[in-house]
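Bear in mind the structure is a predicted one, so any value in this text is a computation, not a measurement. Values below: every heavy atom of this structure, side chains too, minus hydrogens, waters and symmetry copies.
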2 protein chains.
Amino acid sequence: SLEARELTRVYRMGSEEIRAVDGVSLTIGRGEFVSFVGPSGSGKTTLVNLLGCLDNPTSGELHLAGRSIFGSGHILSEKDLTRVRRELFGYIFQNFYLIPTLTVRENVALPLAFYRKPETEEEVDRLIGMLGLEQRRNHLPRQISGGEMQRVAIARALVNRPEILLADEPTGNLDTKRTEEIGEVLQELNRSRGLTIVMVTHNPGLARLGERIVEMRDGRAFEA
Amino acid sequence: SLEARELTRVYRMGSEEIRAVDGVSLTIGRGEFVSFVGPSGSGKTTLVNLLGCLDNPTSGELHLAGRSIFGSGHILSEKDLTRVRRELFGYIFQNFYLIPTLTVRENVALPLAFYRKPETEEEVDRLIGMLGLEQRRNHLPRQISGGEMQRVAIARALVNRPEILLADEPTGNLDTKRTEEIGEVLQELNRSRGLTIVMVTHNPGLARLGERIVEMRDGRAFEA
Ligand SMILES: Nc1ncnc2c1ncn2[C@@H]1O[C@H](COP(=O)(O)OP(=O)(O)OP(=O)(O)O)[C@@H](O)[C@H]1O
Ligand SMILES: Nc1ncnc2c1ncn2[C@@H]1O[C@H](COP(=O)(O)OP(=O)(O)OP(=O)(O)O)[C@@H](O)[C@H]1O
Ligand SMILES: [Mg+2]
Ligand SMILES: [Mg+2]
(Lines give C-alpha, C1' and ligand atoms only; values in the text may rest on other atoms or scores of the structure.)
(Ligands and ions follow the chains in the order given, each with its own letter.)
Protein backbone atom coordinates (compact mmCIF):
# COMPACT_ATOMS: atom_id res chain seq x y z
CA SER A 1 0.00 0.00 0.00
CA LEU A 2 2.82 2.39 0.93
CA GLU A 3 6.10 1.63 -0.79
CA ALA A 4 9.39 3.46 -0.32
CA ARG A 5 12.45 2.77 -2.48
CA GLU A 6 15.84 4.20 -1.56
CA LEU A 7 14.13 7.16 0.09
CA THR A 8 16.73 9.77 0.99
CA ARG A 9 16.53 13.17 2.65
CA VAL A 10 19.66 15.23 2.91
CA TYR A 11 19.95 18.58 4.65
CA ARG A 12 22.78 20.79 3.46
CA MET A 13 24.07 23.41 5.82
CA GLY A 14 27.05 25.25 4.44
CA SER A 15 29.73 22.63 3.90
CA GLU A 16 27.94 20.16 6.17
CA GLU A 17 25.72 17.39 4.80
CA ILE A 18 23.26 15.63 7.10
CA ARG A 19 21.77 12.42 5.75
CA ALA A 20 18.65 12.49 7.93
CA VAL A 21 17.12 9.62 5.95
CA ASP A 22 19.64 7.52 4.06
CA GLY A 23 18.33 5.19 1.38
CA VAL A 24 15.34 3.64 3.14
CA SER A 25 13.37 0.96 1.29
CA LEU A 26 10.32 -0.66 2.85
CA THR A 27 6.73 -1.57 2.15
CA ILE A 28 3.82 -1.00 4.52
CA GLY A 29 0.85 -3.10 3.53
CA ARG A 30 -2.72 -1.93 3.82
CA GLY A 31 -3.99 -2.43 7.36
CA GLU A 32 -0.55 -3.02 8.89
CA PHE A 33 0.46 -1.57 12.25
CA VAL A 34 4.16 -0.66 12.10
CA SER A 35 6.17 0.90 14.95
CA PHE A 36 9.33 2.92 14.29
CA VAL A 37 11.83 3.08 17.11
CA GLY A 38 15.38 4.35 17.42
CA PRO A 39 17.60 6.89 19.15
CA SER A 40 16.79 10.59 19.26
CA GLY A 41 17.99 12.12 16.00
CA SER A 42 17.99 8.87 14.04
CA GLY A 43 15.58 10.13 11.38
CA LYS A 44 12.16 8.86 12.49
CA THR A 45 10.30 12.17 12.15
CA THR A 46 11.98 12.89 8.82
CA LEU A 47 11.07 9.45 7.45
CA VAL A 48 7.49 9.61 8.65
CA ASN A 49 7.10 13.07 7.07
CA LEU A 50 8.30 11.62 3.75
CA LEU A 51 5.94 8.64 3.99
CA GLY A 52 3.09 11.02 4.79
CA CYS A 53 3.81 13.20 1.75
CA LEU A 54 4.58 16.19 3.96
CA ASP A 55 8.14 16.55 2.72
CA ASN A 56 9.91 15.91 -0.59
CA PRO A 57 12.77 13.41 -0.64
CA THR A 58 16.16 14.45 -1.99
CA SER A 59 16.08 11.23 -4.00
CA GLY A 60 14.27 7.90 -4.10
CA GLU A 61 10.68 6.93 -4.77
CA LEU A 62 7.38 6.72 -2.93
CA HIS A 63 4.38 4.82 -4.25
CA LEU A 64 0.93 4.86 -2.69
CA ALA A 65 -1.54 2.16 -3.64
CA GLY A 66 0.45 1.62 -6.81
CA ARG A 67 0.41 5.33 -7.67
CA SER A 68 3.74 7.09 -7.95
CA ILE A 69 3.96 10.03 -5.54
CA PHE A 70 7.63 10.95 -5.66
CA GLY A 71 10.43 9.80 -7.89
CA SER A 72 10.65 7.78 -11.10
CA GLY A 73 10.56 10.97 -13.12
CA HIS A 74 6.96 11.59 -12.15
CA ILE A 75 6.10 14.32 -9.66
CA LEU A 76 2.59 14.88 -8.38
CA SER A 77 1.30 18.42 -8.63
CA GLU A 78 1.01 20.36 -5.36
CA LYS A 79 -2.77 20.25 -5.80
CA ASP A 80 -2.85 16.44 -6.18
CA LEU A 81 -0.42 16.00 -3.29
CA THR A 82 -2.71 18.07 -1.09
CA ARG A 83 -5.70 15.93 -2.10
CA VAL A 84 -3.80 12.73 -1.31
CA ARG A 85 -2.90 14.06 2.13
CA ARG A 86 -6.44 15.11 2.99
CA GLU A 87 -8.17 12.02 1.69
CA LEU A 88 -5.83 9.33 2.96
CA PHE A 89 -3.90 10.52 5.96
CA GLY A 90 -4.36 11.56 9.57
CA TYR A 91 -1.34 13.11 11.28
CA ILE A 92 -0.22 13.35 14.88
CA PHE A 93 2.85 15.58 14.97
CA GLN A 94 5.60 15.50 17.58
CA ASN A 95 4.85 19.21 18.12
CA PHE A 96 1.10 19.31 18.28
CA TYR A 97 0.57 22.43 16.15
CA LEU A 98 -2.82 23.22 17.61
CA ILE A 99 -4.33 26.50 16.37
CA PRO A 100 -4.01 28.85 19.36
CA THR A 101 -7.13 30.83 18.50
CA LEU A 102 -9.45 27.82 18.11
CA THR A 103 -11.04 25.89 20.97
CA VAL A 104 -10.37 22.21 21.63
CA ARG A 105 -13.53 21.21 19.79
CA GLU A 106 -12.75 23.52 16.84
CA ASN A 107 -9.21 22.15 16.64
CA VAL A 108 -10.49 18.57 16.57
CA ALA A 109 -13.08 19.44 13.87
CA LEU A 110 -10.64 21.40 11.73
CA PRO A 111 -9.85 18.68 9.15
CA LEU A 112 -13.57 18.50 8.34
CA ALA A 113 -13.40 22.04 6.99
CA PHE A 114 -10.99 20.87 4.31
CA TYR A 115 -12.40 17.49 3.44
CA ARG A 116 -15.26 15.60 4.93
CA LYS A 117 -16.22 12.00 4.56
CA PRO A 118 -19.88 11.23 5.09
CA GLU A 119 -20.99 10.79 8.72
CA THR A 120 -17.89 12.31 10.28
CA GLU A 121 -19.69 15.07 12.21
CA GLU A 122 -20.42 12.69 15.10
CA GLU A 123 -16.78 11.60 15.15
CA VAL A 124 -15.82 14.96 16.65
CA ASP A 125 -17.82 14.47 19.84
CA ARG A 126 -17.21 10.74 19.98
CA LEU A 127 -13.43 11.24 19.90
CA ILE A 128 -13.59 14.11 22.36
CA GLY A 129 -15.43 11.80 24.74
CA MET A 130 -13.12 8.85 24.12
CA LEU A 131 -10.04 10.91 24.89
CA GLY A 132 -11.41 12.48 28.06
CA LEU A 133 -11.61 16.02 26.66
CA GLU A 134 -15.30 16.65 27.40
CA GLN A 135 -14.57 19.12 30.20
CA ARG A 136 -12.12 21.07 28.04
CA ARG A 137 -14.04 21.34 24.75
CA ASN A 138 -14.29 25.13 24.88
CA HIS A 139 -10.82 25.83 26.21
CA LEU A 140 -8.06 27.30 24.07
CA PRO A 141 -4.76 25.42 23.69
CA ARG A 142 -3.05 27.69 26.24
CA GLN A 143 -5.73 26.79 28.76
CA ILE A 144 -5.09 23.06 28.85
CA SER A 145 -2.32 20.75 30.01
CA GLY A 146 0.47 19.28 27.87
CA GLY A 147 -1.14 15.87 27.82
CA GLU A 148 -4.53 17.37 26.98
CA MET A 149 -2.95 19.10 23.98
CA GLN A 150 -1.55 15.77 22.88
CA ARG A 151 -4.99 14.19 23.15
CA VAL A 152 -6.51 16.99 21.03
CA ALA A 153 -3.89 16.23 18.39
CA ILE A 154 -4.83 12.54 18.49
CA ALA A 155 -8.55 13.26 18.16
CA ARG A 156 -7.94 15.64 15.27
CA ALA A 157 -5.87 13.04 13.42
CA LEU A 158 -8.69 10.49 13.61
CA VAL A 159 -11.72 12.71 13.01
CA ASN A 160 -11.83 12.16 9.24
CA ARG A 161 -11.52 8.39 9.66
CA PRO A 162 -8.32 8.30 7.59
CA GLU A 163 -7.00 5.18 5.89
CA ILE A 164 -3.46 5.75 7.16
CA LEU A 165 -2.53 7.23 10.54
CA LEU A 166 0.94 8.72 10.94
CA ALA A 167 1.63 9.14 14.65
CA ASP A 168 4.91 10.75 15.73
CA GLU A 169 5.36 10.09 19.45
CA PRO A 170 1.62 10.28 20.26
CA THR A 171 1.98 9.57 23.99
CA GLY A 172 5.20 11.28 25.13
CA ASN A 173 3.26 13.65 27.39
CA LEU A 174 0.78 11.14 28.77
CA ASP A 175 0.71 9.04 31.92
CA THR A 176 0.89 5.25 31.79
CA LYS A 177 -2.86 4.72 32.08
CA ARG A 178 -3.70 7.10 29.24
CA THR A 179 -0.87 5.68 27.14
CA GLU A 180 -2.36 2.21 27.49
CA GLU A 181 -5.81 3.56 26.63
CA ILE A 182 -4.50 5.26 23.49
CA GLY A 183 -2.72 2.01 22.60
CA GLU A 184 -6.00 0.10 22.89
CA VAL A 185 -7.85 2.69 20.80
CA LEU A 186 -5.23 2.41 18.06
CA GLN A 187 -5.21 -1.38 18.17
CA GLU A 188 -8.99 -1.46 17.99
CA LEU A 189 -9.09 0.89 14.99
CA ASN A 190 -6.44 -1.23 13.29
CA ARG A 191 -8.34 -4.46 13.82
CA SER A 192 -11.94 -3.36 13.31
CA ARG A 193 -11.46 -0.72 10.64
CA GLY A 194 -8.26 -1.84 8.98
CA LEU A 195 -6.63 1.51 9.77
CA THR A 196 -2.99 1.42 8.59
CA ILE A 197 -0.83 2.75 11.41
CA VAL A 198 2.69 4.13 11.11
CA MET A 199 3.75 5.05 14.62
CA VAL A 200 6.99 6.50 16.01
CA THR A 201 7.42 5.85 19.70
CA HIS A 202 10.06 5.72 22.42
CA ASN A 203 7.74 3.61 24.58
CA PRO A 204 8.68 -0.08 24.23
CA GLY A 205 5.26 -1.26 25.45
CA LEU A 206 3.50 0.83 22.85
CA ALA A 207 5.92 -0.25 20.10
CA ARG A 208 5.05 -3.89 20.76
CA LEU A 209 1.38 -3.24 19.92
CA GLY A 210 2.37 -3.16 16.28
CA GLU A 211 2.86 -6.38 14.39
CA ARG A 212 6.16 -5.11 13.12
CA ILE A 213 8.96 -2.99 14.56
CA VAL A 214 11.36 -1.06 12.34
CA GLU A 215 14.48 0.31 13.99
CA MET A 216 16.17 3.47 12.76
CA ARG A 217 19.79 4.36 13.25
CA ASP A 218 21.61 7.25 11.56
CA GLY A 219 18.96 7.61 8.87
CA ARG A 220 18.86 3.89 7.97
CA ALA A 221 16.02 1.49 8.69
CA PHE A 222 16.33 -2.10 9.92
CA GLU A 223 13.58 -4.66 10.47
CA ALA A 224 13.79 -5.66 14.12
CA SER B 1 14.11 25.06 51.70
CA LEU B 2 10.93 25.31 49.57
CA GLU B 3 7.74 25.39 51.61
CA ALA B 4 4.21 25.52 50.25
CA ARG B 5 1.16 26.03 52.50
CA GLU B 6 -2.34 25.54 51.13
CA LEU B 7 -1.16 26.61 47.69
CA THR B 8 -4.13 27.07 45.41
CA ARG B 9 -4.50 28.06 41.77
CA VAL B 10 -7.95 28.53 40.37
CA TYR B 11 -8.79 29.32 36.75
CA ARG B 12 -12.10 31.02 36.18
CA MET B 13 -13.68 30.70 32.77
CA GLY B 14 -17.10 32.25 32.63
CA SER B 15 -19.19 30.40 35.18
CA GLU B 16 -16.74 27.54 35.32
CA GLU B 17 -14.13 27.23 38.08
CA ILE B 18 -11.15 24.93 37.60
CA ARG B 19 -9.14 24.18 40.75
CA ALA B 20 -5.92 23.27 38.94
CA VAL B 21 -4.01 23.22 42.25
CA ASP B 22 -6.20 22.74 45.29
CA GLY B 23 -4.69 23.49 48.69
CA VAL B 24 -1.29 21.85 48.37
CA SER B 25 1.02 21.90 51.40
CA LEU B 26 4.47 20.36 51.28
CA THR B 27 8.09 21.06 52.05
CA ILE B 28 11.02 20.28 49.78
CA GLY B 29 14.27 20.27 51.71
CA ARG B 30 17.52 21.57 50.31
CA GLY B 31 19.20 18.90 48.20
CA GLU B 32 16.13 16.67 47.96
CA PHE B 33 15.15 14.90 44.73
CA VAL B 34 11.35 14.81 44.50
CA SER B 35 9.34 13.31 41.65
CA PHE B 36 5.78 14.41 40.88
CA VAL B 37 3.59 11.92 39.11
CA GLY B 38 -0.11 11.75 38.31
CA PRO B 39 -2.65 11.63 35.48
CA SER B 40 -2.63 14.08 32.61
CA GLY B 41 -4.45 17.23 33.76
CA SER B 42 -3.92 16.58 37.48
CA GLY B 43 -2.10 19.88 38.08
CA LYS B 44 1.60 18.96 37.96
CA THR B 45 2.68 21.73 35.57
CA THR B 46 0.58 24.28 37.41
CA LEU B 47 2.06 23.29 40.81
CA VAL B 48 5.62 23.26 39.53
CA ASN B 49 5.12 26.73 38.00
CA LEU B 50 3.94 27.99 41.40
CA LEU B 51 6.88 26.39 43.23
CA GLY B 52 9.24 27.93 40.67
CA CYS B 53 7.78 31.43 41.15
CA LEU B 54 6.61 31.55 37.54
CA ASP B 55 2.96 31.96 38.46
CA ASN B 56 1.05 33.60 41.29
CA PRO B 57 -1.21 31.45 43.44
CA THR B 58 -4.85 32.39 43.90
CA SER B 59 -4.29 31.82 47.63
CA GLY B 60 -1.84 30.11 49.97
CA GLU B 61 1.80 30.76 50.78
CA LEU B 62 5.22 29.96 49.39
CA HIS B 63 8.41 30.34 51.40
CA LEU B 64 11.90 29.96 49.98
CA ALA B 65 14.78 29.47 52.42
CA GLY B 66 12.64 31.03 55.11
CA ARG B 67 11.83 34.05 52.95
CA SER B 68 8.19 34.67 52.15
CA ILE B 69 7.60 34.75 48.38
CA PHE B 70 3.82 34.64 48.14
CA GLY B 71 1.12 34.95 50.74
CA SER B 72 0.99 35.98 54.41
CA GLY B 73 0.24 39.54 53.39
CA HIS B 74 3.70 39.96 51.92
CA ILE B 75 4.20 40.07 48.17
CA LEU B 76 7.62 40.23 46.58
CA SER B 77 8.10 42.94 43.99
CA GLU B 78 8.29 41.85 40.35
CA LYS B 79 11.93 42.90 40.39
CA ASP B 80 12.79 40.77 43.43
CA LEU B 81 10.81 37.83 42.06
CA THR B 82 12.81 38.02 38.84
CA ARG B 83 16.06 38.02 40.80
CA VAL B 84 14.97 34.99 42.83
CA ARG B 85 14.15 33.10 39.63
CA ARG B 86 17.44 33.91 37.96
CA GLU B 87 19.67 33.25 40.93
CA LEU B 88 18.08 30.09 42.29
CA PHE B 89 16.23 28.23 39.59
CA GLY B 90 16.84 26.32 36.37
CA TYR B 91 13.72 25.41 34.37
CA ILE B 92 12.92 22.68 31.89
CA PHE B 93 9.48 23.40 30.48
CA GLN B 94 7.05 20.85 29.05
CA ASN B 95 7.07 22.98 25.88
CA PHE B 96 10.69 23.74 25.33
CA TYR B 97 10.35 27.40 24.42
CA LEU B 98 13.61 27.56 22.52
CA ILE B 99 14.28 30.88 20.78
CA PRO B 100 13.76 30.11 17.09
CA THR B 101 16.29 32.67 15.88
CA LEU B 102 19.15 31.53 18.14
CA THR B 103 21.37 28.50 17.51
CA VAL B 104 21.55 25.51 19.86
CA ARG B 105 24.68 26.91 21.52
CA GLU B 106 23.15 30.39 21.87
CA ASN B 107 19.98 28.91 23.35
CA VAL B 108 21.97 26.94 25.92
CA ALA B 109 24.04 30.03 26.82
CA LEU B 110 21.05 32.37 27.03
CA PRO B 111 20.62 32.36 30.86
CA LEU B 112 24.21 33.62 31.18
CA ALA B 113 23.15 36.84 29.47
CA PHE B 114 20.80 37.56 32.36
CA TYR B 115 22.80 36.35 35.31
CA ARG B 116 26.13 34.66 35.43
CA LYS B 117 27.78 32.82 38.26
CA PRO B 118 31.58 32.69 38.11
CA GLU B 119 33.08 29.98 35.89
CA THR B 120 29.89 29.15 34.04
CA GLU B 121 31.22 29.88 30.55
CA GLU B 122 32.72 26.38 30.29
CA GLU B 123 29.42 24.87 31.40
CA VAL B 124 27.92 25.71 28.01
CA ASP B 125 30.28 23.46 26.06
CA ARG B 126 30.47 20.84 28.79
CA LEU B 127 26.69 20.40 28.82
CA ILE B 128 26.47 20.47 25.03
CA GLY B 129 28.98 17.63 24.97
CA MET B 130 27.30 15.70 27.79
CA LEU B 131 23.93 15.80 26.05
CA GLY B 132 25.23 14.77 22.65
CA LEU B 133 24.55 18.11 20.96
CA GLU B 134 28.08 18.73 19.64
CA GLN B 135 27.11 18.10 16.03
CA ARG B 136 24.11 20.43 16.26
CA ARG B 137 25.59 23.45 18.07
CA ASN B 138 25.06 25.82 15.15
CA HIS B 139 21.67 24.57 14.08
CA LEU B 140 18.47 26.50 14.69
CA PRO B 141 15.61 24.88 16.65
CA ARG B 142 13.72 24.10 13.43
CA GLN B 143 16.76 22.23 12.15
CA ILE B 144 16.92 19.63 14.90
CA SER B 145 14.82 16.71 16.09
CA GLY B 146 12.22 16.77 18.89
CA GLY B 147 14.51 14.95 21.29
CA GLU B 148 17.40 17.24 20.41
CA MET B 149 15.21 20.24 21.29
CA GLN B 150 14.45 18.61 24.62
CA ARG B 151 18.15 18.14 25.28
CA VAL B 152 18.84 21.79 24.48
CA ALA B 153 16.21 22.72 27.05
CA ILE B 154 17.91 20.48 29.63
CA ALA B 155 21.34 21.96 28.96
CA ARG B 156 19.98 25.49 29.19
CA ALA B 157 18.34 24.75 32.54
CA LEU B 158 21.64 23.57 34.03
CA VAL B 159 24.06 26.08 32.51
CA ASN B 160 23.92 28.53 35.42
CA ARG B 161 24.47 25.75 37.96
CA PRO B 162 21.16 26.53 39.70
CA GLU B 163 20.38 25.51 43.27
CA ILE B 164 16.94 24.20 42.34
CA LEU B 165 16.03 22.45 39.09
CA LEU B 166 12.39 22.37 38.03
CA ALA B 167 11.99 19.76 35.32
CA ASP B 168 8.55 19.30 33.72
CA GLU B 169 8.62 16.04 31.77
CA PRO B 170 12.28 16.36 30.73
CA THR B 171 12.44 13.07 28.79
CA GLY B 172 9.05 12.66 27.08
CA ASN B 173 10.66 12.90 23.64
CA LEU B 174 13.73 10.79 24.33
CA ASP B 175 14.53 7.14 23.76
CA THR B 176 15.15 4.77 26.68
CA LYS B 177 18.92 5.00 26.52
CA ARG B 178 18.98 8.81 26.56
CA THR B 179 16.34 8.85 29.31
CA GLU B 180 18.56 6.69 31.48
CA GLU B 181 21.54 8.91 30.74
CA ILE B 182 19.61 12.04 31.70
CA GLY B 183 18.48 10.25 34.85
CA GLU B 184 22.10 9.50 35.76
CA VAL B 185 23.16 13.09 35.08
CA LEU B 186 20.41 14.40 37.36
CA GLN B 187 21.19 11.87 40.09
CA GLU B 188 24.87 12.76 39.91
CA LEU B 189 24.19 16.50 40.17
CA ASN B 190 21.88 15.83 43.11
CA ARG B 191 24.48 13.77 44.97
CA SER B 192 27.70 15.60 44.17
CA ARG B 193 26.42 19.17 44.05
CA GLY B 194 23.37 18.99 46.26
CA LEU B 195 21.17 20.21 43.42
CA THR B 196 17.55 20.26 44.63
CA ILE B 197 15.43 18.57 41.97
CA VAL B 198 11.68 18.93 41.49
CA MET B 199 10.78 16.72 38.56
CA VAL B 200 7.47 15.93 36.85
CA THR B 201 7.52 12.71 34.91
CA HIS B 202 5.24 10.05 33.46
CA ASN B 203 8.15 7.59 33.36
CA PRO B 204 7.99 5.30 36.40
CA GLY B 205 11.67 4.36 36.13
CA LEU B 206 12.70 7.99 36.15
CA ALA B 207 10.32 8.82 39.02
CA ARG B 208 12.00 6.19 41.19
CA LEU B 209 15.36 7.99 40.92
CA GLY B 210 14.04 10.53 43.38
CA GLU B 211 14.04 9.76 47.08
CA ARG B 212 10.42 10.81 47.31
CA ILE B 213 7.40 10.50 45.04
CA VAL B 214 4.46 12.89 45.31
CA GLU B 215 1.28 11.89 43.49
CA MET B 216 -1.15 14.46 42.14
CA ARG B 217 -4.82 13.90 41.49
CA ASP B 218 -7.34 16.61 40.66
CA GLY B 219 -5.10 19.38 41.94
CA ARG B 220 -4.31 17.68 45.27
CA ALA B 221 -0.96 16.22 46.31
CA PHE B 222 -0.39 12.96 48.17
CA GLU B 223 2.88 11.51 49.46
CA ALA B 224 3.25 8.10 47.78
N1 LIG C 1 -4.98 28.78 31.59
C2 LIG C 1 -5.84 27.80 31.97
N3 LIG C 1 -7.17 28.05 32.03
C4 LIG C 1 -8.02 27.10 32.42
N5 LIG C 1 -7.68 25.85 32.77
C6 LIG C 1 -6.37 25.53 32.72
C7 LIG C 1 -5.38 26.47 32.32
N8 LIG C 1 -4.17 25.86 32.35
C9 LIG C 1 -4.39 24.60 32.78
N10 LIG C 1 -5.71 24.40 32.99
C11 LIG C 1 -6.33 23.16 33.48
O12 LIG C 1 -5.79 22.88 34.76
C13 LIG C 1 -5.59 21.48 34.91
C14 LIG C 1 -4.16 21.19 35.33
O15 LIG C 1 -3.29 21.51 34.27
P16 LIG C 1 -1.76 21.11 34.32
O17 LIG C 1 -1.13 21.66 33.07
O18 LIG C 1 -1.14 21.55 35.61
O19 LIG C 1 -1.83 19.52 34.28
P20 LIG C 1 -0.63 18.44 34.23
O21 LIG C 1 -0.73 17.58 35.43
O22 LIG C 1 0.68 19.12 33.98
O23 LIG C 1 -1.03 17.58 32.96
P24 LIG C 1 -0.10 16.86 31.83
O25 LIG C 1 0.44 15.62 32.48
O26 LIG C 1 -1.13 16.58 30.77
O27 LIG C 1 0.94 17.82 31.40
C28 LIG C 1 -5.93 20.83 33.57
O29 LIG C 1 -7.17 20.18 33.68
C30 LIG C 1 -5.99 21.98 32.59
O31 LIG C 1 -6.99 21.80 31.60
N1 LIG D 1 15.88 21.25 8.88
C2 LIG D 1 16.95 20.52 9.25
N3 LIG D 1 18.19 20.92 8.89
C4 LIG D 1 19.27 20.20 9.27
N5 LIG D 1 19.23 19.06 9.99
C6 LIG D 1 18.01 18.62 10.38
C7 LIG D 1 16.82 19.31 10.05
N8 LIG D 1 15.78 18.64 10.59
C9 LIG D 1 16.30 17.58 11.22
N10 LIG D 1 17.65 17.56 11.10
C11 LIG D 1 18.55 16.54 11.63
O12 LIG D 1 18.20 15.29 11.02
C13 LIG D 1 18.33 14.23 11.97
C14 LIG D 1 17.05 13.44 12.05
O15 LIG D 1 16.03 14.24 12.59
P16 LIG D 1 14.62 13.63 13.01
O17 LIG D 1 13.78 14.78 13.49
O18 LIG D 1 14.07 12.83 11.89
O19 LIG D 1 15.01 12.65 14.22
P20 LIG D 1 14.08 11.76 15.15
O21 LIG D 1 14.49 10.34 14.96
O22 LIG D 1 12.65 12.09 14.93
O23 LIG D 1 14.53 12.22 16.60
P24 LIG D 1 13.67 12.40 17.97
O25 LIG D 1 13.47 11.03 18.50
O26 LIG D 1 14.63 13.23 18.78
O27 LIG D 1 12.40 13.12 17.63
C28 LIG D 1 18.68 14.88 13.30
O29 LIG D 1 20.03 14.65 13.58
C30 LIG D 1 18.40 16.36 13.12
O31 LIG D 1 19.31 17.18 13.80
MG1 LIG E 1 11.22 13.08 16.10
MG1 LIG F 1 1.98 19.20 32.35
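Going from atom OG1 of A:Thr179 over to atom NE2 of B:His202 covers 7.5 Å, rounded to the nearest 0.5 Å. Taken from OG in A:Ser40 to CD in B:Glu148, the straight-line distance is 5.0 Å, to the nearest 0.5 Å.
The number of heavy-atom neighbours closer than 6.0 Å to CG of B:Asn56, taken from other residues, nucleotides and ligands shown, is above 12. No more than 12 heavy-atom neighbours from other residues, nucleotides or ligands sit within 6.0 angstrom of CD on A:Gln135. Heavy-atom neighbours of A:Arg191 CZ from other residues, nucleotides or ligands within 6.0 Å: at or below the threshold of 12.
Residue with the most contacts toward chain A among B:Thr176, B:Ile18, B:Thr171: B:Ile18 (heavy-atom pairs, distance under 4.5 Å). Contact tally against chain A (heavy-atom pairs below 4.5 Å) for B:Glu16, B:Lys44, B:His139, B:Glu169: the top residue is B:His139. Most heavy-atom pairs under 4.5 Å with chain A: of the set B:Gln150, B:Met149, B:Arg136, this distinction falls to B:Arg136. In terms of heavy-atom pairs under 4.5 Å with chain B, the best-connected choice from A:Gly43, A:Ala20, A:Pro204, A:Gly147 is A:Gly147. Options A:Gly14, A:Gly132, A:Ser42, A:Gly41 differ in how many heavy-atom pairs under 4.5 Å they form with chain B, and the most are formed by A:Gly41.
Of all non-hydrogen atoms in A:Gly38 and B:Asp175, the two that sit nearest each other are O-CB, 4.0 Å.
Side chains of A:Asn173 and B:Gln94: a donor on one and an acceptor on the other come within 3.5 Å.
Looking at heavy atoms from C-beta onward, A:Pro39 lies out of side-chain contact with B:Lys177 at the 4.5 angstrom threshold.
Neither the backbone nor the side chain of B:Ile144 comes within less than 4.5 Å of any heavy atom of chain A. The part of A:Ser145 that comes within reach of chain B is its side chain, from C-beta onward, which places non-hydrogen atoms under 4.5 angstrom from that chain. Proximity to chain B is limited to the side chain of A:Asn95, based on heavy atoms less than 4.5 angstrom apart.
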